[in-house]
Every structure is written in C-alpha cells, then in structure tokens.
Amino acid sequence: MMAESAATPSFLALRVNWFSVKLSLGIAAFYSWVYLLFCFEGLLRDVVAYGGGVVHDPVFLCACITASVLLLVVLFVTKKRAGLLNSVEHSEQKALTSRVHRWRIAMVIFAVVGALSGVFGVFLSAVAPLGQTGLQVAAALAGVVAGVFIAAFTLEWGEVVLALDMRKAIVALGVAFCLQWIPFVAVELMGSIFKAILAGALPLLSCWCLLGFSEERLAGEETPRMSKAAQSTDKRLVGRVALASFAFSFVAQFTWTCNVVMTTEPLDQSLFWVVFALIFVVTALSVGVVLALMNRWRAYRIELFYRVAFVFSMAGSAALGLAATHLLFSYALAYIAYALIMPTMWMLAWSIVFMRNGKSRPVIGWVFGLQYLGLPLGFAAARGMQSLVGITVSYTMLPYATLLATVLLALAYAFVLPERTLMTLSPRLFKLSHESIDERCKDIATQHKLTAREAEILGFLARGRDVGYIEKELFISRNTVNTHRKNLYKKLGIHTQQELLSLLEETLDS
C-alpha cells in the first residue's frame, strides 16, 4: 500500500512499485492489442476499403464471436477448475509447483499463438490489395485463433484483478485503460513493419507480466488472494451487469461503425493520431479526476465512473447527427465513452465477487462474454442500416442511428443497471481484504458473544446481503432471519446495516 503520512493518510493505493507497474502494464498491453485488432484504424487497416474491408472485418467478427462463445459456454461444459490463485492454500508445495509450471506453459502458448495471429493479420492487411485467393478465409481463421487468446487472457487477468484489494485494483485498472491508447498513437505514425512488431510484442509483454504473479506467489511475496468464502453467485445481479456491459459495447461499436460507413467523406488518415491522442488525454483526465475525488472523500464511488462513462456515451450517440460535418468530434467521443466504461465494468465485476460472494470465473464469463458479443452485433446493426438504404445515401440514416443508440443507452441506465442497483455494489468495506473481512466478523462475534447462527448471518450482512438472500441460502424462514438479525443488532448496539458496516470499519483508521 501507499506510504501514508500521519497527517493526511492516502485512501487509495497510489504508490508506484513493481507490483502496480506490472499489473497496469500487463492489462494495458493485453487490451491495447485486442482493440488494435478491433478498431478500424488499428493494426489491420488495409487500403482496399476504408474501415478495414477484407481483412479487418473477418478478423474482428471471428475474434469477438470466438471469445464470446468460449467465455459463455466453456464455463458451463467443463468441470470446475481450481485456478492458480485458488489452489495455493489447498495443495502441497510440490504439487503446486507442478501445477504452476503447467499453467505457465499454457499461458506462454496462448500468448505466442495470439501474437502469431496478430502478425499474420498485419501481413494479410499489407497484401490485401493484391487480391489473393482465400484472403477472407485466412483472415477469419486468424480471428478465431485471436479469439482463443482473448478469452484465455480475459479469464486469467480477471482472476488476478478480482482477487485484489479494491484500492489496488481500482488504481491499476484506471492507469491500464489510459495507457492502452498510447500504442494507437504510435500505430498511426508507423508502417506495416512496426505494426507487425507491435502485434507480436504486446501479447508477449502481457504474458510476461501475468507470469510474474505466479513467481511472486511461490516466493511468498505480496500477491492477489481469492476469497475463501466464494461459494455462490448472485445470478440476477451478474445478469444486470452483463446486460449493461452488452448494451454499452453494442452502442459503442454501433456508433463507431456508423461514423465510418454512413459519412460521405472518411476521416483524413493524417488525423487518426490526433484522435487517439485526444482519447488518451480526455480518458486520463477523467480517470484522474474520479480517482482524486475518491481519495479526497475516502470512499469507493464507482457511480462516478458509471456516470462519466454514461455522459460520454450519450454525447457520442448524440454526436452521430454531426458526423457528416464534424466526424473527428463524433468519432473521438465514441472511443472515449468505451474507454471509460471498460474500467467501470471491471470494478463492477470485482464488487460482485467481493460484496456478493460470487465465483470469479462465472462473473468474468458473463460480463465480458456479453461485452465481446455486443461488438459484432453493433457492427452488424450499423451495416444492416447501411444496406437498407444503400451505400450512397446511407448518411440519411444518421438521425435514426442517433435515436437508436440514445434510446438503448437510456434504457440500460434507467432499467438494466440503474444507480439504485449500482449502489448495492459500492461497498464501504473495500479497506478490508478478502480474508480480513472474515477475520473482522469473527472478532466481533467473539467479542460480543454471538451464537453460531448469528455469526453466520453477520457474515452475510457484512457483504451487503439482504434478508431474502439469507433466507434462501440458509434454508430458514424470513422471520427466523429477522429474529437473528434483531438479536445480533441488539448485542452489537446498532440498529441498521449501515451501522454494522461502520462498526466493521471503525478500527481501520485508528
């Protein structure tokens, strides 16, 4: 954690050390590579047609669909796999070392395969004007391979992030999703050789950072820890977050594609680097302001990220109507919105695992599986509107595209994941690690002589569970739950769940 002064202790873990650098750099490298493949002006922009054409589109569509299918389906058809981070306290050292070794080999293979698929895609985009036979089939196969790598690393980085104390995770995610835009600026200033180097280097860099966590784990140094108490997942809440993730990614890709295919004049290629530099600056400022406010207020305010992302998403959707005359402005807003919603969704996933006691892999699978699914569907919707009226007059559809995107975002914000639901995922207990919340509950139960059942209910209440959930989880009546809750509140000298949360935290600032 950050070294804190006696007068003004810092709330967030803001200290720059190798742990934080490795975490932010690894996530940034992974997502930068993913969206360099996905975006129209990234690694695979060929000169056959503006917006990617014969290479970008097959790679993008197949990678998204493959990653989405793997994240959503593989979780249900395979047996529960004890991951690297989950198995540490349940295996003998020799067996653990062997397991970690196999995991490291698997991650290296995934990274190398992903790197090769990216380099192959860059090669295809360079030779696309030659019109070689089978170009689109080759691009589609590269996309499938890339999708396998994306799914694997989404799961593995997810387990790392979701195992962290939130004060570390929130800073690492904020920094990572700002850093990911720097390679975009470089790509627009370099040629195909640099693109191929970048396509191969970013997956390997992300893998190297990821492997470093296993090394620290074996050495007994500071590493992520999974919650021992993770036993179940709040499916309804996960579904809400996943649907919101889908809606935001659908609208982001829809607006990106509309900006490209429904405007009469494409954006000048010399301005691409300006667009991504602007995205980096605005994203960094937005993330910096939110983190500064959290640190000042000493409170986990995930709704600030959600509000900022929603405002930029609405602005980007509304700006579609201006795309014909102010394309740079409209296009940049769409990117900024997506850049901000990404860390928000990661933070929401973390909150579900910690506050709702959920399993990490199903949460990652649903939230990010639907997110990857939203991208090709948003692309298809924009292309469908374009084909409905014809390419030459597709700009006439921009007002309707604006209306559709705006309505979808409003519905998502008002009904799918409204702030009243979001606030249930804004814990005050994020100063506590996964293990220390259990330890704190045990200390309180012992100190106040709670019964075994009261102590059990205390653990649920400490993570924000309501009476209905506890009733189903413990197979007891609602009246029984209320009676136990009333008794433990009386013993603790409190009256509300908020007072309970304050009691759990009251010794942390001393």
Side-chain angles (χ1 to χ4, degrees), residues 72 158 161-162 166 169-170 173 227 230-252 290 293-294 297 299-314 317 337-338 340-360 362-371 373-374 405-430 437 459-473 478 481 485 496-502:
L72 292 173
V161 172
L162 270 58
M166 191 59 202
I170 195 172
L173 289 171
S227 173
Q231 299 295 329
S232 58
T233 302
D234 191 332
K235 295 181 180 179
R236 180 175 298 180
L237 192 56
V238 174
R240 282 181 174 270
V241 174
L243 285 175
S245 180
F246 171 85
F248 276 100
S249 64
F250 177 94
V251 171
V290 173
L293 290 174
M294 288 186 183
W297 296 338
Y300 174 53
R301 303 293 297 274
I302 194 174
E303 73 275 8
L304 296 179
F305 271 105
Y306 194 64
R307 290 169 185 167
V308 172
F310 176 73
V311 168
F312 274 107
S313 296
M314 291 293 286
S317 299
Y338 195 69
L340 291 170
I341 201 61
M342 279 298 295
T344 305
M345 290 303 160
W346 273 100
M347 294 171 201
L348 287 172
W350 183 95
S351 295
I352 293 173
V353 171
F354 184 66
M355 290 299 290
R356 295 308 192 199
N357 210 16
K359 297 177 183 177
S360 60
V363 172
I364 298 167
W366 277 112
V367 173
F368 299 105
L370 286 186
Q371 181 188 81
L373 182 62
T406 304
V407 169
L408 286 176
L409 285 174
L411 290 173
Y413 191 84
F415 299 107
V416 177
L417 190 62
E419 282 208 28
R420 66 177 180 273
T421 301
L422 187 71
M423 294 304 291
T424 67
L425 291 173
S426 294
R428 296 185 68 250
L429 294 173
F430 54 98
I437 188 172
F460 285 111
L461 295 175
R463 286 182 169 82
R465 295 295 192 181
D466 58 20
V467 173
Y469 179 89
I470 299 173
E471 172 190 6
K472 295 177 182 178
E473 194 71 11
R478 183 176 294 265
V481 175
R485 184 179 61 169
T496 66
Q497 191 169 358
Q498 189 60 50
E499 289 182 79
L500 172 62
L501 300 180
S502 298

For M314 against T406, the heavy-atom pair lying closest together: CE-CG2, 3.4 Å
S351 side-chain N/O to M347 backbone N/O, donor-acceptor pair under 3.5 Å: yes
Any donor-acceptor pair under 3.5 Å from Y306 side chain to L348 backbone: no
Approximate separation, where rounding is to 0.5 Å, of I364 CD1 and M345 CE: 15.0 Å
L243 side chain near L417 side chain, heavy-atom distance below 4.5 Å: no
Partner set under ring-ring contact (aromatic ring centres under 6.0 Å, His included) for F312, not counting sequence neighbours: none
Flag, side chain of R307 to backbone of I302, donor-acceptor distance under 3.5 Å: no
Test item: F246 and V416 side chains (from C-beta on) under 4.5 Å apart, heavy atoms: no
From CA spacing to verdict: side-chain contact (heavy atoms from CB on, under 4.5 Å), V251, S317: CA-CA 8 Å; V251 171; S317 299; 3.6 Å; yes
Distance (rounded to the nearest 0.5 Å) between I170 CD1 and M294 CE: 3.5 Å
N/O donor-acceptor pair under 3.5 Å between S245 side chain and V367 backbone: yes
Any residue meeting side chain to side chain donor-acceptor pair (under 3.5 Å) with Y338, in chain and number order, not counting sequence neighbours: Y35
CA sep, side-chain torsions, deciding dist, call: L293, R301, side-chain contact (heavy atoms from CB on, under 4.5 Å): CA-CA 9 Å; L293 290 174; R301 303 293 297 274; over 6 Å; no
M342 side, atom CE; F368 side, atom CZ - distance, nearest 0.5 Å: 6.0 Å
Rounded distance [0.5 Å steps], CD1 in I470 versus CZ in R478: 10.0 Å
Inter-residue atom distance W350.CH2 - L173.CG, 0.5 Å rounding: 11.0 Å
Pairwise distance CG(L373) to CD(Q371) - rounded to 0.5 angstrom: 11.0 Å
For F305, ring-ring contact (aromatic ring centres under 6.0 Å, His included) partners two or more places apart: none
Ring geometry between F310 and Y413 (parallel below 30°, tilted from 30 to 60°, perpendicular above 60°): parallel
Nearest heavy atoms of P418 and R240, plus distance in Å: CD-NH1, 3.8 Å
Shortest non-hydrogen contact from A309 toward T344: CB-OG1, 4.5 Å
